[in-house]
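The next block holds one structure in the form of structure tokens; read it before the comments.
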Amino acid sequence: MNGSRTRTQAGVNLPALRHHNAALVLDMLRAAGAEGISRLELAEGTGLTPQAVSKITARLREDGLAVGAGLRPSTGGKPRTVLRLVPDAQFAVGLHLDRDGLTAVLVDLAGRPVAVTTAPLDLGAPAERVLADAADAVRDLSAAEPHKPVLGVGVAVPGPLDHRDGVLHRVTGFPQWDGYPLRAALAERTGLPVVLDKDTNAAALALALGSAGGGDFAYLHLGTGLGAGLVLGGEVHRGARTGAGEFGHQTLQLDGPLCGCGGRGCIEALCLAAEARGDRGEAARVLGMGAANLVGLLDIDRVVLGGRTVAADEDAYVRGVRAVIEERAARGGAGAGVTVTVAGGGDRPVAEGAAQLVLAPVFGRVGERG
């Protein structure tokens, strides 16, 4: 993770901001990794006074979140004590509830997966059955570290939805979920805090937190459906109603195949239809057309592909998408220098991103645009 912070993110020495300042310190400890970081470096990086850093790190050590990691030679005076994060002090669960499957992951404070499970899931089943499957996955994963606290559960599902209220809207192909309070229902089932977001936003958040290069990018997820997660100005862009990123339902062909959303010729329908008839080159080219439109609209630096359909032939999708973007750039359009990469692991990055929905606030990394 990039440990640098802007001036507006620097720590402020006010009692009311104790949690905020501790989050700044925790974030730098996580960024430092196993090598650790000294208190002086923490003070310089957060903008806090050395005295404030000493108090915060003392509390973190008492809580078992930080430990000493040896001594580091100084330029003068006694060696500096180095501290590091204790990754397995606490955990978070991430769930990806897809249309036909459930991926669940337990991650430590460093964001590393400790346990992963997958199981079939019918999103069209009654809500009680889906909730029971999700709650069972949380229970089973929590049992992997029975003596360590689980901070909460992040849930990533296909949109549209309202991430602030934790309520689903008309999930494409599953209108029965419209208005369902999934966050509250799962919190009641598990007894844990729950955070809800779109699957593509969760994956984009994880990519943004783990990116050393920064910059604006789009994560395009092609699995059972197609959507986008947008990171603009270093923050996940959700829109006023969590509606940003409904990328798959742009119309490319007015008289095209019927889509699950009720429209015709959507990018999602065209991509999946091409895949179904074995024309992966056409599927990649259609995805590239949508990606090129996004590059021209938002002037982004990177396009990151993901999802189980992409994972089936990553090279073909990267080549196809890159070719369309480069063709557009050669005609004078946007896209020159834009990179196209893949977030490996199929659908798993979504579940890991869901866990980051829980962890990000702990480290003061709650970037979002409403």
Side-chain angles (χ1 to χ4, degrees), residues 95-104 119-137 153-189 194-204 219-230 238-276 286 290 307-309 347 350-351 353-354 357 370:
L95 302 179
H96 178 202
L97 306 184
D98 206 350
R99 294 170 175 86
D100 62 357
L102 186 158
T103 303
L121 180 75
D122 179 7
L123 200 59
E128 284 301 308
R129 188 185 307 168
V130 175
L131 278 176
D133 289 344
D136 286 347
V153 182
V155 184
V157 298
L161 56 83
D162 185 332
H163 79 285
R164 292 186 179 89
D165 293 335
V167 174
L168 300 183
H169 292 321
R170 291 181 63 86
V171 177
T172 303
F174 302 91
Q176 70 271 24
W177 286 101
D178 191 17
Y180 188 82
L182 180 60
R183 182 180 67 195
L186 189 58
E188 183 177 356
R189 281 264 189 166
V194 174
V195 186
L196 176 72
D197 209 339
K198 285 165 56 172
D199 46 11
T200 50
N201 288 343
Y219 169 75
L220 306 183
H221 185 93
L222 182 59
T224 59
L226 172 61
L230 307 174
R238 294 176 172 89
R241 292 167 294 277
T242 326
E246 289 299 313
F247 170 82
H249 300 294
Q250 301 176 67
T251 299
L252 285 189
Q253 185 179 332
L254 291 176
D255 58 349
L258 185 65
C259 180
C261 71
R264 285 192 175 275
C266 296
I267 299 177
E268 175 178 305
L270 294 169
C271 277
L272 295 179
E275 270 285 340
V286 169
R308 72 178 76 165
T309 304
D347 291 341
V350 176
L357 294 171

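For reference, positions follow the sequence shown, starting with 1.
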Checklist entry - Got a second to check how far Leu196's CG is from His163's NE2, nearest 0.5 Å? => result 9.5 Å
Checklist entry - Hey, what do you get for CG (Asp255) to CZ (Arg264), rounding to the nearest 0.5 Å? => result 8.5 Å
Item to check | Steps toward side-chain contact (heavy atoms from CB on, under 4.5 Å) verdict (Arg183, Val155) | outcome: CA-CA 8 Å; Arg183 182 180 67 195; Val155 184; over 6 Å; no
Next on the checklist: Just verifying a value: how many Å separate Lys198 NZ and His221 NE2, rounded to the nearest 0.5 Å?
Outcome noted: 12.5 Å
Next on the checklist: If you define the side chain from C-beta out and look only at heavy atoms, does anything of Thr200 sit under 4.5 Å from Phe247?
Outcome noted: no
Checklist entry - Can you find a pair of side-chain heavy atoms, one from Pro120 and one from Asp100, that are under 4.5 Å apart? => result no
Next on the checklist: Is a donor from one side chain sitting under 3.5 angstrom from an acceptor on the other, for Thr224 and Asp98?
Outcome noted: yes
Next on the checklist: Does Asp347 form a side-chain hydrogen bond (donor to acceptor under 3.5 Å, both in side chains) with Thr103? I'd like the steps, not just the answer.
Outcome noted: CA-CA 8 Å; Asp347 291 341; Thr103 303; 5.5 Å; no
Next on the checklist: If I take atom CG from residue Leu102 and atom CG from residue Asp136, how far apart are they, to the nearest 0.5 angstrom?
Outcome noted: 10.0 Å
Item to check | CD on Glu268 to CG on Leu222, rounded to 0.5 Å | outcome: 8.0 Å
Next on the checklist: Using side-chain heavy atoms (C-beta onward) and a distance below 4.5 Å, is Val171 in contact with Val157?
Outcome noted: no
Checklist entry - What is the distance from atom CG of Asp199 to atom CZ of Arg99, rounded to the nearest 0.5 Å? => result 7.5 Å
Item to check | Minimum side-chain heavy-atom gap Leu123-Trp177 below 4.5 Å | outcome: yes
Checklist entry - Under 4.5 Å between any side-chain heavy atoms of Leu97 and Asp133, yes or no? => result no
Checklist entry - If you count the non-hydrogen atoms of other residues, nucleotides and ligands that lie under 6.0 Å from CD in Gln176, is the total more than 12? => result yes
